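In what follows, chains carry the letters A, B, and so on, assigned in the order in which the sequence lines appear, proteins first and then strands, with residues in each chain numbered from 1. These numbers were taken from a predicted model, which means no experiment stands behind them.
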Amino acid sequence: MQGLLRHYNPVTAVFVVLSLTALAVSGMRPVFVCNEVITRFIRDGVMVLALIIPITAGMGLNFAIVVGAICAQVGLILAVDYQLGGLESLALIMIVGVALSILLGYLIGLCLNRARGREMITTILIGFLATSMYQLIFMVGYGTIITPRNPEMMLSRGVGIRNMVDLDRFRNLLDSIWVLRFGEIEVPLFMLLVVCFMALGVNYILHTRLGRHFSAVGFSGNRVEALGLDPRLIRIKAIILSTVIACLGHIIFIQNIGMLNVYTAHLNTDIFSCAALLAGGATVTRAKVRHALFGIVLFHTLFVVSPQAGQNLFGNPALGEYFRSFVAYGTIAVALVLNAKNSDKLPRGPWK
Amino acid sequence: MIVRARHVPQMVIAIFLCAMAGGALLLEIPLPWVINDALVRLAMNGVLVLSLVPMLNVGIGINFGLPVAIVAGLLGLCLTVNWRLTGSLGFTMALALSTVIAVCLGEVYGRLLNRVRGREEITATFIGFSFIPLTNFFWATAPFTNPAMLWPIGGIGMRPTIGLKSYFAKILNTWMPLEIGPLTIPCGLLLFFGLCCLLVHLFFKTTPGLAILAIGENEGYARLCGIDVDRMRRLAVILSTVIGAVGICVYAQSYGFIELYDAPMMMAFPAASAILIGGSTTGRATVAQVVAGTFLFHTMYVLSGPLANDLLVPEMAEIFRLMMTTGVILFAMLHHGGRHARPSETL
Amino acid sequence: MLELRGISKTFGPHSALSEVSLSIAAGEIHGLIGLNGSGKSTLLHILFGSSFIHETGGYNGSCFLDGKPFRFTSPAQAIAAGIGMVHQEFALIPEMTVAENILLSREKGFALTDTLFPRDFSLLDPRKNDHEARRALEYLDLKIDPRQKTGNLALNIRQFIEIAREISRDNLRLLLLDEPTAVLNTADAGNFLATLRHLADKGVAILFTSHRLPEIRGLCDRLTILREGRTVGCCDVRTASLGAITHLMLRESVTKAGRFRSRPTDDPILTIRDFQVAMAGEELLGLDLDVQRGEILGLISLSGHGKLAFGAGVIGQLPFRGSLQLDGATNPPSSSAAMIARGVFFLSEDRNRLGLLPRHSIMDNIAFSALQHDNRFLHPSLPRCLRLPDRRAIRRHGERCIREFDIRCTGPAQPVGELSGGNQQKVRIAHALTLSPRLMVVNEPTRGVDIAAKERILDMFLAINDRAGTTIVIASSELEELRRVCDRIAVLYQGRLHAILEPTADDLLFSRAISGKPVLH
């Protein structure tokens with residue numbers, strides 16, 4: 001009980017109450033909600049895990065996981081362009097995506113080392129900038145500078161890729177493995193295991209030498225330099241890992257949906273992932289894998305039921321929609337305000 | 001070296017502008033139209049950009065929470081339209097109401113920002129972002145009665161865009177126009193913008209203004225000199241909010257429409273970009289920088305549209321603007337970080 | 001083994017070390033002694049390759065380890081070369097456990113994952129780490145559980161952990177210790193010094209800074225004395241007397257005659273009793289002091305003994321406990337604004353952070369507080385509520401101050417950030433005087449100031465005191481200067497008043513008082 005109280009987090013408590021209330025008001029069938037939540041757990045789970053390492057390394061919420069998502073999309077578009085399909089090419093997409101995320105993650109790390117103390121706002125801006133560069137390449141560059149091999153995915157005017165690219169060669173490639181059914185509840189066991197495996201992986205990294213160095217940098221910043229560690233390099237490694245995990249997470253996300261919204265699929269992944277993590281009880285200075293897993297379930301329960309709850313309560317589904325985005329942004333705002341009191345502990349002087 | 005590095009955004013923008021001006025000449029886009037549009041856009045957006053000045057100067061940084069101020073202004077505008085006040089009376093009323101609402105919102109906003117020392121910018125961003133869906137809730141349910149503002153079917157909830165034609169659209173734009181050949185200079189609009197600039201400039205000459213500048217420069221020293229830092233920071237936030245609210249009124253009358261719902265969400269970024277292009281760092285801004293920055297930024301804006309249309313891809317203009325906007329802010333962030341990375345002092 | 005030749009280091013215009021030379025043999029314990037600001041820590045940081053040395057322009061001179069020259073640019077290089085350092089401001093991470101701290105950057109992983117994965121991705125073996133940490137702690141005869149959080153431990157234990165971390169390195173050859181005994185009590189210190197002796201016998205060279213003279217004499221083989229960044233002596237401990245070392249440490253030459261005037265006593269402007277201020281590293285733990293109206297009172301102590309906390313507590317920069325009586329009013333509201341309104345002004349020692357508005361002009365800096373608090377310099381022909389200042393009056397006042405205090409500048413509109421340290425200090429004093437305070441508390445007024453400006457600043461204090469009768473409290477580590485301007489000098493030791501001496505008192509008496517020895521009147 002005492003332990004429970006110590007770990008009490010007002011954000012989580014509010015989420016639990018809200019989710020349950022909204023579930024009751026919406027009148028949706030728990031089985032349906034359960035299925036939806038499982039699907040979303042698989043879709044978004046890995047993305048949320050990507051946030052944990054930068055928080056441990058003291059850089060706060062990494063909104064630049066959008067860049068990882070972009071890397072995944074680039075890999076997928078290339079695969080569609082070369083008309084590849086099947087599991088082997090999914091592996092190829094991962095390799096391309098991961099390679100690109102390592103490169104971009106390194107660049108983001110360099111930027112963040114220049115912006116110490118305001119990493120979060122910088123990652124938001126990096127996300128925006130990456131989005132517009134990505135749009136520039138695929139909306140303008142394709143068909144003018146880059147010659148497409150697959151004309152089906154191009155807009156009719158010959159320049160730029162269509163908004164929606166069908167990924168029928170990849171759709172549910174992984175989700176259909178080992179699907180179990182309990183009554184009406186469908187459990188794609190393989191994908192659940194993949195998410196859990198990634199969660200274990202992140203947990204593993206946190207307990208390795210590198211993970212220890214992440215938390216040392218997170219706790220003491222540049223002071224660890226005196227202990228022979230290179231804080232700049234460690235921070236860069238944290239961001240690279242985060243970007244790579246985000247890239248893998250987005251590949252899972254897209255193959256689950258089966259369609260690629262070329263210009264919008266990656267938007268808001270950062271916001272929703274951050275909100276989910278914070279809902280699970282993490283703060284901007286401290287996050288654990290269990291926060292991520294718990295947070296996804298809580299956040300997406302609320303997400304699934306709130307439009308219907310809005311409809312039932314006010315007769316207007318749009319209100320539920322507003323409530324949903326308010327929850328996403330508001331969670332982050334509240335977490336930032338609440339967490340402000342992590343006062344710098346001053347070293348105590350000699351005679352005490 | 002440092003001086004040169006600091007001016008990279010300005011140089012890029014200048015080169016960009018020159019290239020675009022060349023393109024405009026080639027494509028025979030009429031010059032008077034460009035100048036005219038640029039002037040209108042300067043004054044139309046200038047007040048919003050100006051609203052960033054107090055918070056920059058007190059050391060909070062860029063006000064990414066500008067949506068808070070904009071919502072205050074929108075509320076003032078909507079109330080005025082709801083009461084069917086037109087003409088200059090309507091506009092004045094809108095300004096007055098916006099100011100009152102902005103003072104209240106700014107007080108709360110300022111208190112929140114005082115709690116998050118050192119993380120104001122990111123917190124402000126999310127206060128702004130989360131304020132939008134909250135107000136969407138309000139717009140969708142608010143008991144306004146003027147049918148011109150409501151959805152035609154059902155009569156509940158505001159329309160996303162409300163035309164101001166029969167109220168006070170372009171009231172400043174058409175006040176005292178000065179025609180020189182093919183040019184029409186909107187003197188009234190420019191005058192109003194100039195007045196706002198002058199007031200802000202004068203404010204930073206008064207003792208509270210000087211105290212705000214001192215806090216921005218050296219907060220610890222200001223506190224040691226007996227200045228109530230929290231109060232002054234709140235004052236700066238309130239001022240920023242009030243000016244922002246006035247700014248959206250000016251913008252709306254010039255545009256001719258009130259835009260509700262998600263429209264204000266991303267408005268902070270172009271404004272921030274404009275003030276940074278003007279040469280202010282993320283620690284200090286002057287009115288001259290506001291004017292110069294807004295002019296450069298929006299001339300680019302005016303030119304890029306028709307140019308991209310004449311090229312193959314019309315979306316390119318928007319993408320380029322976005323890239324410019326975020327690129328400039330990002331550059332300022334990184335550069336500021338690099339310049340202020342003071343070596344620790346241990347002796 | 002280690003040799004330093006002609007090491008010089010400047011921070012901006014201020015010189016921290018000039019032409020320091022030093023040599024240490026293997027197995028030698030070498031003491032480095034000097035007052036606060038004499039450059040001891042800077043020297044250690046140079047050896048250890050701390051990044052701020054590199055970032056502030058590096059240093060001149062050359063260092064040799066076993067005859068090979070070296071110049072480290074990061075502590076990682078120094079550690080690889082076998083140099084360890086125990087920091088004055090702890091380099092422990094309070095949120096981590098003892099074992100984690102001791103083994104940071106040398107963690108032990110499971111053998112399996114060590115071979116399977118790259119080094120960084122090897123899973124850590126908590127049992128092996130605990131064992132390693134326990135071994136290091138046992139070496140120091142310390143019986144604590146290595147699994148507890150470091151932040152919860154007492155300060156002396158933390159100091160031992162810091163030392164355990166350094167000496168558990170296998171390749172340790174040179175150990176740098178920055179004031180390691182400052183937080184230890186006598187018994188702990190004895191234990192600790194024995195460990196050092198043991199370590200030295202194994203061939204590790206130790207460079208040790210301290211201002212506890214007896215300790216250094218008991219432990220070290222040789223001793224280098226630094227004063228104002230210069231080596232002023234290097235001697236064998238056995239041959240030098242305590243008096244001679246103190247003398248070298250404090251000053252070389254006999255000062256000019258002090259200003260000593262008898263003042264009417266017992267009209268205190270400020271009375272404090274059991275005054276406690278929790279200033280990090282400079283705590284006051286119960287000071288009882290009367291400041292008499294119209295006097296100049298000096299406060300002296302070694303660093304860390306609380307002289308700087310006095311001003312911060314009185315002005316309300318930091319909260320205090322105990323009682324404070326100002327002009328008969330007991331415990332008035334303690335905020336800078338309220339204190340300034342009561343005629344108290346404080347000049348902090350931290351000139352860079354809390355000193356000035358560097359981008360503002362000289363005249364604006366001087367007029368700043370008077371404009372904010374006294375409504376002075378407001379435009380006479382405009383309504384007061386507009387609160388617009390009279391630029392011309394400000395400029396005139398600025399020009400007068402520049403003339404009167406001999407501020408070297410291009411004019412009153414020059415930004416103060418461009419001025420030298422001494423002139424900045426004059427601007428700060430002019431700023432304070434514009435408020436015409438009745439009590440001024442000044443911390444370290446001459447730190448980082450060149451000789452000429454130093455004289456000028458001391459003269460300013462005398463003149464203010466004479467002309468306006470302003471009471472001045474000067475907290476400084478420069479005994480010589482205090483003796484020249486003060487009427488009385490209070491010596492603090494361990495956060496309490498130790499003695500009040502006449503400025504004319506004997507040198508030896510001062511050095512005894514400063515190091516906490518009983519003083520007989």
Side-chain angles (χ1 to χ4, degrees), chain B residues 1-3 6 56-59 117-118 198-233 235-236 239 279-286 289 336-347, chain C residues 11 14 16 36-42 45 50-57 87-89 178 312 315-317 335-341 345-348 350 352-360 364-365 367-369 371-373 375 377-379 386-389 391 417 431 435 447-448:
Chain B
M1 184 61 211
I2 282 174
V3 176
R6 206 160 79 80
L56 272 171
N57 279 344
V58 84
R117 289 284 163 83
L198 184 72
L199 283 177
V200 171
H201 181 74
L202 277 181
F203 172 74
F204 283 104
K205 300 279 174 225
T206 64
T207 30
L210 289 172
I212 283 178
L213 285 174
I215 293 170
E217 201 171 319
N218 191 341
E219 188 180 319
Y221 175 69
R223 182 171 285 131
L224 209 56
C225 286
I227 301 224
D228 189 343
V229 173
D230 280 8
R231 216 182 111 234
M232 284 298 161
R233 277 169 57 109
L235 176 65
L239 264 178
S280 67
T281 59
T282 51
R284 181 88 189 259
T286 64
Q289 287 165 342
H336 181 89
R339 224 156 36 95
H340 283 248
R342 246 200 235 157
S344 58
E345 277 169 89
T346 345
L347 262 179
Chain C
F11 291 104
H14 172 50
N36 184 30
S38 58
K40 301 179 304 239
S41 292
T42 310
H45 281 291
S50 294
S51 58
F52 75 90
I53 299 285
H54 195 60
E55 281 158 12
T56 49
H87 294 258
Q88 189 174 4
E89 68 285 2
D178 199 0
I315 197 74
Q317 187 196 359
S335 74
S336 305
M339 278 300 177
I340 289 172
F345 202 82
F346 170 55
L347 294 181
S348 160
D350 194 347
N352 288 329
R353 283 204 314 113
L354 302 176
L356 286 162
L357 302 169
R359 281 179 292 179
H360 279 60
D364 286 336
N365 263 289
F368 181 70
S369 283
L371 193 57
Q372 295 292 337
H373 296 290
N375 290 333
F377 306 115
L378 285 187
H379 211 290
L386 285 181
R387 303 187 63 81
L388 273 166
R391 305 294 306 163
H431 166 231
L435 281 169
R447 186 190 277 179

When [options] are compared by non-hydrogen pairs under 4.5 Å with chain B, the top option:
options: C:I315, C:L356, C:I340, C:L388; value: C:L356
options: C:L378, C:L371, C:N375, C:L435; value: C:L371
options: C:H54, C:H379, C:H373; value: C:H373
options: C:G316, C:P358, C:S335; value: C:P358

Side chains of [X] and [Y] in contact at under 4.5 Å (non-hydrogen atoms):
X: B:M232; Y: B:I227; result: yes
X: C:D178; Y: C:H87; result: no
X: B:R223; Y: C:Q317; result: no
X: B:L56; Y: B:R284; result: no

Under 4.5 Å from any heavy atom of chain B - which part of [X]:
X: C:H431; value: side chain
X: C:F377; value: neither
X: C:S369; value: side chain

(request) With sequence neighbours excluded, tell me which residues meet side chain to side chain contact (heavy atoms under 4.5 Å, CB included) with C:H360. (result) B:L213, B:E217, C:L357, C:D364, C:N365
(message) Does this structure show an ion pair linking B:E219 with C:R353, if we count only N-O contacts that are shorter than 4.0 Å?
(response)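 Salt bridge between B:E219 and C:R353, a charged N being under 4.0 Å from a carboxylate O: no.
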